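Written below as structure tokens is the structure these notes are about.
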Amino acid sequence: MSSVWRAARAAVRRRRMQTFVIGLVVLLSTTTIVVALALLAATSAPFDKAFARQAGPHAVALFDPAASPPSQGPGVAAAAGPFGQVELESTDSVRFGPQGPLTVVGRADPGGPVDKLDLWQGRWPSAPGEIVLNEPVHDLDRMPPRSTSVTLGGHPFTIVGLAHSLVGSADAWVTPAQVAALRPTATQMLYRFTGDVSTEAAVEASLATATAGLPLTASQTYLVVKEQISADVGVYVPFLATFGVLGLVVGVVIVGNVVSGAVVSGYRHIGILKALGFTPRQVVAVYLMMVSVPAVVGCVLGSVAGSLAAQPLLSEGFEGLGLDVGIGVGPWIWLAGLVGVPATVVLAALVPAVRAHRLSAAEAISAGSAPRQGRGTRIQHRLAGVRLPRSVSLGLGLPFARPGRTAFTVAAVLLGVTTVTFATGLADTLVRISTIEDTAAGQIGVQPSNGLFRVAPDNAPPPAGPPATTTRTDEQVEELLRGLPDAARVTAIHRLPVSAVGQTEPLPVNFLRGDYSAMGYEAELTAGRWMAGPAETVVPTEVMRGRGLALGDRITLRLGGGQAVLTVVGETMDGPQGPPALFVDWSVLATMAPDRVVAPWDVYYQVQLVPGGDIARYVTAVTAADPAIDAWNNAQLSDFLVTVVSFSSVLSLLLSTVAALGVFNTVVLNVRERRRDLGTLKSIGMTPRQVVAMVLTSMALVGVVGGVLGIPVGMLAHRFVVPLAAESARVSLPLSVMDVWHAPTLALLGLAGVVIALLGALVPARGAARLTIASVLHNE
Amino acid sequence: MTTVVRLENVRKEYGDTTALDGVSLSVSAGEAVAVMGPSGCGKSTMLNMIAGLDRPTSGSVRVHDEELGRLNETKLALFRRHRIGMIFQFFNLLDDLPALDNVALAAQLTGSRVGVARQRALELLDELGIADRRNVYPAALSGGERQRVAVARALMNRPALLLADEPTGALDSRAGEQVMDLLLDLNQIGQTLLIVTHDERLATRCASRVVELADGRVTHERTLERA
């Protein structure tokens, strides 16, 4: 064994470049694989995992406050409670904070057999006047400064911590003694059941069995929350899964190519070892050891790097949904990185090594000396007659000398280009969606105050000072906004649930006044046309589907004794900010309820400025004109857009780098195998620039083929995955946002493959140009 | 007579090893000089200096009035392309190309058009008696045929100086004889030759002067009377 170890160690030392390349490729591939597996794991039933980790309750049951329900019962696997519960109204003046009424529960600690809360900030309340709020894990540094106290139901509380309950068993928690002092209105029990919990009916049946004879006043199953969260996460799943699969395949392909290439290029050395008396088994062992040393180092470092890289991506994707707890690089992913990757390396090395095992010493030496005659010679002969610079035509023929290696390299570039294409299309689509929404939403949002609430837009500190009530009427506010400099279009939106004939619940309606038809909502149409008059309505997809509506349907709205019949003429992707609602002209409201007075603080105003208008100046002008009106810049990139574009950019860069490394390795191997040819060419007058041109041309061809094949695959992935994500988000997309493939984009993407290939080939090509002819030819 | 090669006090060191130790030599146009000596005496190193394949540690190497030490890699490549033809012991043909394209390659690198290059290559192969083997790949050629292809390639750009490193070293005696005849013929029509060889027969047959090297130094020079 010592001779094997010595030979392997000598081989590693002698082939420092190859050892470095194997180590680097394995490192980056392992990083990619770990990130990919983490993404795939995260997208696989994320709610169920987080729910299991918290031992979430299948049902939250509320009983009469005097009741003392038992924690045991038929079909009950575990239970927590009884906890006192009370509803308290928030009377704080900041709108973006805890809003009332809040469900406050008294719990002695965050643990227990059910609903194990994640206390991610601060501590648990231990005294009266202390409270913990229910919030998903998020980065507090990125939030506006917040108050450390809250007033609920007239009682001041100090916020001592932040915890998260996935099913939202409470909005806040206090000590049991505190909740007793607040006189609870219900007793809360949290149940996990042993039987079938897959459907609403099954959970309710289990709950009924467990609570038979008890004064149950209300209940909610975990499936309500699961459906909501699944819809939110579902938007990310197709993207993450696509990048995950691409990363996995790229990683495995590159490792296989690099390692098998290293062994194939060592055939001559294998022959020499055999000639020296090494047994075939020892030779195989030498080669496995030779590639394993850098591979093990690479995969250990890669696993660490991958887990570090995956965490921010996952946090970004799942932050705010409460699923980030429990999502990460689990033990099996570490196992895949630390065991799976080396196993792939050994397997990739084993196949050619076993072949070398069967060859005689002479055959191995001959097989490793140069590409066998016959491979690509016909193509080289034809290219010799082509009217191209000879260095270029020689380069074009090189990939055909090692078709297997070239195929692997093309596959690597193809996957790199696929990733870049998909990411480009995705980013373009999201930017288009964002642009359409931003345009329609207006550049400036305006909300008059009612004296209780002020609007603190995202990432801005809450407005200072006590709130005032605007003295303007709705119409006067609109008049003010139109009269300020630079105002081009103003839309007033009043949101109201309105009863509709044939609907069991009121329909959400946005009554719109002003310039709404010119704001840009028309660009959000996914079917039909825009409203031509007050008797028509346009409906967002989510409402269409949720309420069973279709184009051409007639809806009868009833409000305040009056009614209006509207025809659905169009379907939109979305609508003004807030939950999706029907677009209805304000005159319909006036027709149905002529005596209704709409307070200005119940109206949200959108403003678009003339081209070149100064948003900040307009916002300042609004506040200066009426301090009781909040105005803010609406033109901010959405978190979703930033998140998806960020991680798709990071993953594209990572996968492209790995693909370029695959090219790098191929060129290193090709150059080493063709040292004699390169020396010969230089000896007859090939200049260093011609050598570089020849080598780069050989890989540019690989890049072109990879690009030509990778672009359609990336386009297909875009066409398939983006609608899937939209479906998860319950929206349909306008055709315009999918129409992202135009000649300039495709031309640039076509270059992506060439760029990946050339970047990977540049360093070894320059190395080839610097080869010392005398030593090369002398060695031969 | 014009001096084609002039070495002045050329020294070449590889680490602690001195391959050439103050060698001076000149070769005139039309001369055929054989460099002889035992293995490791510096013959091939000297040839590499003259061909611009390697650089001296000190001293001056001038070929056709070009001071090679002052040329960068690109200019050295252009120098080799236009001024030098090289023949190697192991032929160094490209396995991927048939004989004709191997020969034409040297001209194509200079930018010659395919048709022109192939026509000239065919003429050379014809002159060397292997035109019928033009479409055969090196692996299928005999040793003598391969060396003739290599000679044709070396002559492709009409070099002023033909350098041969053990040109018969890998050939059987019959093929060796043919290559000797070929080199002799070339010299007789005015081609300047510098041959590095162990083979006394090659030297006496083809060279008009023999330079003997030992331990990196010129130890002896003799002029030969050719038959």
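Only this structure's heavy atoms are used, side chains among them; waters, hydrogens and symmetry mates stay out. To find a chain, count down the sequence lines: A is the first, B the second, and so on, and within it residues start at 1. Remember, predicted model here, so these are calculated numbers, not experimental data.
Atom CE of residue A/Met686 and atom CG of residue B/Leu109 lie 5.0 Å apart, to the nearest 0.5 angstrom. Note that OG of A/Ser393 is 8.5 Å distant from CG of B/Leu105, once rounded to the nearest 0.5 Å. One distance of note links CG of B/Asn92 with CG of A/Asp677; it measures 8.5 Å at 0.5 Å rounding. In this structure, OH on B/Tyr137 lies 8.5 Å from CD on A/Gln380, to the nearest 0.5 angstrom. Atoms CD1 and CG, from A/Ile684 and B/Asn102 in turn, are 8.0 Å apart once rounded to the nearest 0.5 Å. Note: A/Thr680 OG1 to B/Arg153 CZ = 6.0 Å, rounded to the nearest 0.5 Å.
With a 4.5 Å cut-off on side-chain heavy atoms, B/Leu53 and A/Ser683 count as touching. Two residues are said to be in side-chain contact when any heavy atoms from C-beta on lie closer than 4.5 Å; B/Met86 and A/Ile773 fail this criterion. Residues A/Arg674 and B/Asp96 have side chains in contact (heavy-atom distance under 4.5 Å, counting atoms from C-beta outward).
Heavy atoms closer than 4.5 Å to chain B are found in both the backbone and the side chain of A/Leu681. Of the atoms belonging to B/Leu93, it is backbone heavy atoms, and not side-chain ones, that fall under 4.5 Å from chain A. Heavy atoms of B/Phe79 lying under 4.5 Å from chain A are absent altogether.
The two atoms that bring A/His381 and B/Pro98 nearest to each other are ND1-CG, 3.3 Å, heavy atoms only. Contact detail for A/Gln690 and B/Arg81: the closest heavy-atom pair is OE1-NH2, 2.5 Å.
A 6.0 Å sphere centred on CZ of B/Arg6 holds no more than 12 heavy atoms belonging to other residues, nucleotides or ligands. Atom CG of B/Asp172 has more than 12 neighbouring heavy atoms from other residues, nucleotides or ligands inside a 6.0 Å radius. More than 12 heavy-atom neighbours from other residues, nucleotides or ligands sit within 6.0 angstrom of OH on B/Tyr14. Within a 6.0 Å radius of CZ in B/Arg217, no more than 12 heavy atoms belonging to other residues, nucleotides or ligands are found. For CZ of B/Arg158, the number of neighbouring non-hydrogen atoms (other residues, nucleotides, ligands) closer than 6.0 Å is 12 at most.
Ranked by non-hydrogen atom pairs under 4.5 Å with chain A, the options B/Gln89, B/Met156, B/Gln108, B/Arg113 are led by B/Gln108.
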Criterion side-chain contact (heavy atoms from CB on, under 4.5 Å) on A/Thr687 and B/Leu78, from CA distance to verdict: CA-CA 7 Å; A/Thr687 61; B/Leu78 297 175; 3.9 Å; yes
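The main-chain N or O of A/Lys682 is found under 3.5 Å from a side-chain atom of B/Arg80 such that the two form a donor-acceptor pair. Judged purely by atom type and a 3.5 angstrom limit, B/Glu73 has no side-chain atom pairing as donor or acceptor with the backbone of A/Ala769.
Ionic pairing of A/Arg676 and B/Asp95 is present here: one or more N-O contacts between side-chain nitrogen and carboxylate oxygen are shorter than 4.0 angstrom.
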